[in-house]
Structures are given as structure tokens and as C-alpha cells.
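Values below: all heavy atoms of this structure, side chains included; hydrogens, waters and symmetry mates excluded. Per chain, numbering begins at 1; letters A, B, ... match sequence-line order.
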There are 2 protein chains.
Amino acid sequence: MTLPQAGSDPVTVRAPRSIPEASVARLAVYLRMLGELAEQGADTVSSEELAAATGVNSAKLRKDLSYIGSYGIRGVGYSVSALIHQLERALGLNHRQAVALIGVGNLGHALAGYGGFGGRGFPVTALFDVDPDLVGIHINGILVDHVRDIPTTCRERGITIGMIATPGPAAQGICDALVEAGVRCILNFAPVVLQVPEEVEVRKVDLAVELQILAFHVARKRLVVEGAEVDGESLAVPDAQANGHPVNGTSNGGIR
Amino acid sequence: MTLPQAGSDPVTVRAPRSIPEASVARLAVYLRMLGELAEQGADTVSSEELAAATGVNSAKLRKDLSYIGSYGIRGVGYSVSALIHQLERALGLNHRQAVALIGVGNLGHALAGYGGFGGRGFPVTALFDVDPDLVGIHINGILVDHVRDIPTTCRERGITIGMIATPGPAAQGICDALVEAGVRCILNFAPVVLQVPEEVEVRKVDLAVELQILAFHVARKRLVVEGAEVDGESLAVPDAQANGHPVNGTSNGGIR
DNA sequence: GCAACTTTGTGCGTGCCTTCACAAGCGGCT
DNA sequence: AGCCGCTTGTGAAGGCACGCACAAAGTTGC
């Protein structure tokens, strides 16, 4: 029942007990908040409290948690420490994930120096660039290697996640190198759609697109305020509640 | 038909012709790709081509475009320049949107120096911080002001969008100041859920959460490879196609 | 030990988003 | 001028996600 039916399907074994992608994203949020609660000395937390703190519906939160098992106590709530443990296990955080960062330009440099990754179990253990002025320097104690060393270095250090912060045109080549190095998960900041084999997971972060979405809402609000369309056509969005940002979709690049 | 029924509803006029949030995000992606195509001298583009280039289903692309009007030519495709114009209009990019950035630390500094914003119609025209060592310096030719000046400066410069790149605990206060300054759209990099009035739009970008989602997929792939669960429970995701990242949801902070 | 209260876990209805499939429309070719 | 092929735009269906509301289960008080 919970076992993958090994070999039942010659092609990619579809694993059971699936967790919706949307829930996975929220589980990570719950985990962060639980960490804060633990620091504050909280022992247990109810779904209602945790939901309020993370800005979601409490029923949705309970359903999300139910995907990873039944670790709540009826009438009481959830044990903070136990829930943290289960979430870390479910999210695969019980193994440290070494991260490689490619592209130490403007954004890349900031990402390399940003302590939030290592602090949350994602130590950046390899840096790469092509710029001769950058290759050889140290950032946060980590040597910047040349991108040609990606395959060997990544394998040596057991890198599981790659972050691409290069200019758009370079991204696909870097991506290919990472895939060759055995990296199966990539966080892409470059403004391109990466072509990858089926087994590789890509997430895209595009800051320019985020701003454009906001700009759309600015325009919409302006329309509502003025009470009429500005130059011919009107635009709107159905609801757009205060905090929920329904979909990211396949967002496109934003780092130049 | 296309006109907002002005005043039909005393409370917040629900505008017609609504565009799904998911589509808005993709429209921004199409726009970027169209810009590249225009540079390459493309005159027209079919939905199939544009869909392939942006990694979406062509029917979905056509439906997305249909929300902003019928600007395609059957049997031919879309005029690249005309479509760019219409998308810019629909996304509210015909007015320049001035952006304020609060928090010039690690990430904020990179964002301030990142040219991709101004280049795409979002000039960062105001910087703020609390750190006396930072207030007064110039980044990319822009003076860093003290956060206490947010209300006045933002109103003076007609800021419509705020980006919060402060540590988590400071974010809510900054957010309140921005709202007071009349800013109605906020891009939040801080790891907190911002409380805002109903009319304010908040989008959240959380890099740590992005990595955790990837870590989940790493763990899932490991399970599939090993063909059995590692420590008791198995985890999986229904499909997770190569490029589509369905939902962002209310993601939580990642900048410390 | 029983009753009342609290909180979890989930079945179900609703609505949005995605995808298929096709009619309508436009240009090019003869 | 008429036909053919190509592409758009959209109706309809399916799937997913959200949120309500409630039963199950555990705790507290008497």
C-alpha cells in the first residue's frame, strides 16, 4: 500500500501516497513557523494557531499535514517538536543537501553571501563562474571554481541541488553540465526556460515577472479608483485575496 | 459589455473581464519571450511556437491571450510588435512604475544593483535602511535614505511598488509605513506573513522555501531510485511535469 | 466514571484551471 | 473567384484545490 510497486511499470515508477505540489510548498512554510514557535518555547500548537500565523485556512493546514501522517492529538493540537521532526523527514531535510551556485555576478554574489541557506540545511558548498576575475576568489570562505569543473566537483562533493544565477544565454549550458554531474534539482534564476530530461526537477524564480504581476494589480487598482477604463480596455482579476498568490506557473527569467 | 458597470455596486466595484491570476503570471512570461523574438527580427509568431518557447500548452497560451482581446490573425499567428504592445498595456506597463527597495543588506544590495528591473520598466528610485552605516551611501547612483522617511519620500516620488528585503522582524513595520505612504503593491522577501489592509496586494518570494521544495523532490527521486522507502514512510508527488510549477501559494520568508 | 469541551482528520460540494477538440476565419494558390 | 491548409478562439469536460462542516477521538472537570 505504501510501497512503490517496484517494477510494475517499466517506465518511471509512479510513486504512491502523493502530496500535492501546493501542499509541499506550504509544508515548508509551516516548518519555518514551527521553528520560530519552538524557539519561543511553545510545546504544542493547534491547527488554528499555526494557520493564523502562516496565513492559511486551518482546514487546509490540517489536510496538508494529513498527507504526511497523523501526528496530531485530538483535543490538544500538535507537538511542536514532533511535527518539526516529521516535516523535516517528509521534506527530505534529514539529509543535508549540498548546493552548488553557478554565476557569482550581482545576484549570485548576494545568494552566496546570504546566510539563510546554510542555516536552514542547504549549505552552499560550491561556487562557479566563467569570469577570470571571479574564478579563484573566495566568498564566505568558498572558492569560486571555473564552470568547466562543474561535473567533477559536483560529483566529488555530492551536490544534489544547483542554483543557476547566470545571464540568460549561459543558463542552458550550465544546466546541461549540472545534469551531467548528476544534479537532479535546479533552482533557476535565469530568464530562460530550461530544457531538461524528464527526471530533472526545475523551479524558476523570476523577480521581473513578480514585479510585472504587481504592476498589473497597480493598474487594476487604478481603474477601480478612477471608476472607468483608461485607454480603451479594462482589466481585472476575479478575487485576489490579501495573501494567497495562487499560481506561480512557469515563470520566466529576471536576472540579467 | 467591456465597460465596467460604473457604480452598479456601492461596495468595491467588481470589475468585469477578469483575468485569472495564473494567466497574468504567464502573460508576463510571454511578453519577455516576445521581446527576444522581436530582437531576433521575428515578425509574427504562432501560438504553437510561442508556447514551445515558453514551455506551456499552446491552447492554454491562446486562452491566456484571449483574456486581453483577439489580436491574433487566423492562419497566420500573432504580430509580435502588436502583441507586445497589447501585453504591455494589459499588464500596466505603459506607465512606468517607480519602485522603492527597503533593506539594503545582503540581498537588498544585490537587488539594488541588479539592472534587470530598470531595464524592464521598474526603475528602483528609492532605497531605505535603518543601518547608520548604510544610510547616506549611494548604490547605483541612488541615495540610501532612513526608513523614517518612507512616507514622505515615497509620496514625493510617486512610488507605486515596494520591495521589502529586510530581516523578518522588521518587515511588518516597514510594510505599515509603505501602506501609509500609499503603496498598494508589495513584493516581500522577508520570511514573515505580512498583515495588510484588503486593498494592498502582497507577493512573497522565499528562496529557502524554494530550496525545500526541491529537497522534497530530491528525497522523492531517491526513493524511486532505491525502489523502497528509507525510514518508514514514503513520499511522492502526483505528476510534477518538467517545467510547470503549479502553485506558489502563500510561501514564507527566506531572507535573514 | 461520565459528561462536556476541544481539536483533529476527512468526506463532500464548489469553483478555478487546464486540456482537448473543433468550428470559424484568414491567407495563399491555382 | 474558389478551394485548401493553417491558425486562432472557445465550448465543454476533467482534474485539482479549497473550504465547510462534522464525526471521531482525546482531555478536562466534576
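A distance-only check finds a donor-acceptor pair linking the side chain of B:Q172 to the backbone of B:Q195 [under 3.5 Å]. Side-chain atoms of A:Q97 never come within 3.5 Å of backbone atoms of B:A219 as a donor-acceptor pair (strictly under, hydrogens ignored).
With rounding to whole Å, B:L50 atom CG is found 14 Å from D:dT7 atom P. The interatomic distance linking A:L65 (CG) with C:dT7 (C1') rounds to 13 Å, in whole Å. Regarding A:I68, its CD1 atom lies at a distance of 14 Å from the C1' atom of C:dT8, rounded to whole Å. If you take CG of A:D64 and P of C:dG9, they are 12 Å apart, rounded to a whole angstrom. Rounded to a whole Å, the CG atom of B:L61 is 11 Å from the C1' atom of D:dT8. Atoms CG (B:L27) and P (C:dC17) sit 13 Å apart, rounded to a whole Å. As rounded to whole Å, 9 Å separates atom P of C:dC17 from atom CZ of B:R26. Rounded to whole angstrom, the span from the CD1 atom of B:I19 across to the C1' atom of C:dC17 amounts to 15 Å.
For B:Y67, no side-chain nitrogen or oxygen approaches OP1 or OP2 of D:dT10 to under 4.0 Å. Checking the phosphate oxygens (OP1, OP2) of D:dG9, a side-chain nitrogen or oxygen of B:Y78 falls inside 4.0 Å.
Taking all atoms of both residues into account, the shortest heavy-atom contact from B:S58 to B:A51 is CA-CB, 3.5 Å. Closest of all the heavy-atom pairs between A:A215 and B:F122 is CB-CE2, 3.6 Å.
Set against C:dA24, C:dT8, D:dT10, the side chain of B:R74 has C:dA24 as its closest nucleotide. Set against C:dT18, C:dT8, D:dC20, the side chain of A:N57 has D:dC20 as its closest nucleotide. Listed nucleotides: C:dC22, C:dT7, D:dA21. Nearest to the side chain of A:R62: D:dA21. With D:dG26, C:dT8, D:dC18 as the candidates, the nucleotide lying closest to the side chain of A:I73 is D:dG26.
Position along DNA chain D of the nearest nucleotide to A:A59 versus B:A59 favours B:A59 as the more 5'-ward residue. Along DNA chain D, the nucleotide nearest B:S47 and the nucleotide nearest B:K63 are compared for position; the residue whose nucleotide lies closer to the 5' end is B:S47. Comparing B:S23 and A:S70, the nucleotide of DNA chain C nearest to each residue sits closer to the 5' end for A:S70.
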Please evaluate residues B:I213 and B:F216 with respect to the criterion side-chain contact (heavy atoms from CB on, under 4.5 Å), reporting the C-alpha separation (whole Å), side-chain torsions for both, the decisive distance (0.1 Å), and the verdict. CA-CA 5 Å; B:I213 295 169; B:F216 170 79; 5.5 Å; no
